[in-house]
Amino acid sequence: MDSSFAQAVPVIAVDGLQKLYESIPSLELAIDTPKLEALKYEWFGSTFQAETEYSRHQGAFSELVSLLSEQHINVLLLKGLGLSTYYPIPHHRPTGDFDIFSYGRHLEVDRIVADSGIPVDNEHPKHSVFEFKGVTVENHYMYLDSFQTKCEKKVQAFLESLDGDVLCEGGYYTPSPLKNYFFLLCHMARHFSEFESIRLRHILDWGLFLKTEAGGLDLQLVRGKLQEFGLERTNDLFVSLAERVCGLDFSELLFERLPEAECQGVLEYILTDKRRVFPKRFAPRFVYKLKTLAGNNWKFRYLSITMRERVWYSVKWHLSGKGEI
């Protein structure tokens, strides 16, 4: 139960357990003890909470879209609720914050929100942050943190050049499949390069997106852009992980499938990595993070950035006065 919550898939795991109960009746009997029964009800209770929270988030997002549409501002929903539609039971995907993009009108969004009495935090590299109806909203100035890497700058320019976003029934947009492919891939790569922030839910989002949308992609274009951006190895890592987690075949998207043992090793890292507590003072925090990066140097064989570049970009960002390393 603890692991499912840590990996942001508690209700997905409950769905899996219920399927096992249907196929292996003796399994449910095996945990029929007072202690485990109480734990099971606590865990299963999260399903009802998730469904309630999902409905609340849907309502809050509809209100935000309505508020901005009054000023004729189009809203593009990134990740989150938009990805839940790829799940067999959408409201069983854990809710999070809202990531929105307003096609160059982000400053107007901040002003509208501020005028309504909601504080806006602008001390972030690629988005502002505010709370709307109890939900955190990240109002993106750009799709990716192009301050960080040359690859992300190239992908950012490519994403801005794409059209064809999908108009949804609620009056908002979701990214086109081609845009989502590169956005989600770079988003996962960033989480993977950071400290303890890659989770099983990222892989599930990716795998279920591919299951639905990969067949309609221009694979020649996708492969060409992956090579242009230096993302072949990153692509192979996350496509291979999606195959393993979702039990699907995405051979047409691979340059080279990761060996089974290598794929399993990365997956075990994702499932077992523990969150660290970093010192608050700058100097000890900086040294601690450098040591942590050095211990995770193996990750960079899959990324378009080297560890040296990662450290340098982090230092540059810190010296800019806008954020932590």
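Starting from 1, each residue takes its place in the sequence as its number.
- In the hydrophobic clustering of ILVMFWY residues, with side-chain heavy atoms under 4.5 Å counting as a link, Y141 and Y173 come out apart.
- Taken from SG in C186 to CZ in F238, the straight-line distance is 10.0 Å, to the nearest 0.5 Å.
- Looking at N74, its side chain never comes within 3.5 Å of a backbone N or O of S102 through a donor-acceptor pair.
- Counting only heavy atoms from C-beta outward, the side chains of C263 and L241 approach each other to under 4.5 Å.
- If you chain together hydrophobic residues whose side chains sit under 4.5 Å apart, F255 and L248 fall into the same group.
- Judged as a side-chain contact (heavy atoms from CB on, under 4.5 Å), and not counting sequence neighbours, A6 has no contacts.
- A donor-acceptor pair is defined here as one N or O able to donate and one able to accept, closer than 3.5 Å; no such pair exists between the side chain of E243 and the backbone of D249.
- Annotation: side-chain hydrogen bond (donor to acceptor under 3.5 Å, both in side chains) contacts of D15 (sequence neighbours excluded): H92.
- Taken together through direct or relayed side-chain contacts under 4.5 Å among Ile, Leu, Val, Met, Phe, Trp and Tyr, I12 and V245 form part of one hydrophobic cluster.
- Distance OG/S176 to CG/D163: 8.0 Å, rounded to 0.5 Å.
- Going from atom CZ of F101 over to atom CE of M142 covers 9.0 Å, rounded to the nearest 0.5 Å.
- The shortest side-chain heavy-atom distance between M188 and F183 does not fall under the 4.5 Å cut-off.
- Under the salt bridge (charged side-chain N to carboxylate O under 4.0 Å, His left out) criterion, the residue pairs touching residues 77-102 are K79-D99, R93-D205, with sequence neighbours excluded.
- Partners of E138 according to the salt bridge (Lys or Arg N to Asp or Glu O under 4.0 Å) rule, which considers only residues two or more places apart in sequence or in another chain, do not exist here.
- Without hydrogens or angle criteria, H191 side chain to S197 main chain gives a donor-acceptor distance under 3.5 Å.
- Nearest heavy-atom pair across P90 and P88 is CD-O, 3.7 Å.
- Under the 4.5 Å side-chain criterion, counting only non-hydrogen atoms from C-beta, V11 is not in contact with P94.
- Judged by the 6.0 Å distance and 45° axis criteria, K126 is not positioned over the aromatic ring of Y143.
- For the pair W43 (side chain) and V14 (backbone), a donor-acceptor distance under 3.5 Å is absent.
- Applying the salt bridge (charged side-chain N to carboxylate O under 4.0 Å, His left out) test to residues at least two apart or on different chains, the pairs with a partner in residues 174-183 are D165-K179.
- Residues S240 and F250 have side chains not in contact (no heavy-atom distance under 4.5 Å, counting atoms from C-beta outward).
- Taking OG of S128 as the start and CG of N139 as the end, the distance is 4.0 Å to the nearest 0.5 Å.
- Scanning for side-chain contact (heavy atoms from CB on, under 4.5 Å) contacts around T306 gives R308, E309, with sequence neighbours left out.
- Scored by the salt bridge (Lys or Arg N to Asp or Glu O under 4.0 Å) test, R111 finds D115 as partners (sequence neighbours excluded).
- Judged by distance alone, the side chains of Q264 and R244 do bring a donor and an acceptor atom under 3.5 Å apart.
- The line from CG of L200 to CG of L267 is 7.0 Å long, rounded to the nearest 0.5 Å.
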Using residues 221-228 as the side-chain source, report each donor-acceptor pair under 3.5 Å to any protein atom, sequence neighbours left out, with the distance given to one decimal.
unit_1	atom_1	unit_2	atom_2	d
R223	NH1	L254	O	3.0
K225	NZ	E228	OE1	3.2

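- Of the possible donor and acceptor atoms, none in the side chain of S84 sits under 3.5 Å from a partner among the backbone N and O of G80.
- In this pair, H140 and H127 present their aromatic rings tilted. The plane angle is within the 30 to 60° band.
- The hydrophobic cluster around I112 extends to Y54, F61, L64, V65, L67, L68, I73, V75, L77, L81, F98, I100, V109, V113, I118, V120, F130, F132, V135, V137, Y172, counting ILVMFWY residues whose side-chain heavy atoms fall within less than 4.5 Å of a member.
- Partners of H57 according to the side-chain hydrogen bond (donor to acceptor under 3.5 Å, both in side chains) rule, which considers only residues two or more places apart in sequence or in another chain, are E53.
- Between E256 and R233 there is no salt bridge, since none of the side-chain N atoms of the basic residue sits less than 4.0 Å from a carboxylate O of the acidic one.
- For R190 (side chain) and L185 (main-chain N/O), no donor-acceptor pair under 3.5 Å exists by modelled atom type.
- Between F158 and F182, the ring planes lie perpendicular to each other; the angle is over 60°, past the 30° to 60° tilted range.
- For E42, the side-chain contact (heavy atoms from CB on, under 4.5 Å) criterion is met by M1, L39, not counting sequence neighbours.
- Note that OG1 of T212 is 10.5 Å distant from CG of L83, once rounded to the nearest 0.5 Å.
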Inset, instruction - Just do the salt bridge (charged side-chain N to carboxylate O under 4.0 Å, His left out) check on E22 and K19 with the steps written out, would you? - result: CA-CA 5 Å; E22 294 169 5; K19 285 185 176 294; 5.4 Å; no
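- With no hydrogens or angles considered, no side-chain donor-acceptor pair links E213 and Y181 at under 3.5 Å.
- L184 and V166 are members of different hydrophobic clusters when ILVMFWY side chains are connected at heavy-atom separations under 4.5 Å.
- Using cut-offs of 30° and 60° for the angle between ring planes, the Y269 and F192 rings count as perpendicular.
- Grouping the Ile, Leu, Val, Met, Phe, Trp and Tyr side chains by contacts below 4.5 angstrom, directly or via other members, places F5 apart from Y41.
- No donor-acceptor contact under 3.5 angstrom links the side chains of E160 and Y103, judged on distance only.
- A salt bridge does not link R257 to E252: none of the charged nitrogens lies less than 4.0 Å from a carboxylate oxygen.
- Partners of E63 under the salt bridge (Lys or Arg N to Asp or Glu O under 4.0 Å) rule, at least two apart in sequence or in another chain, are K133.
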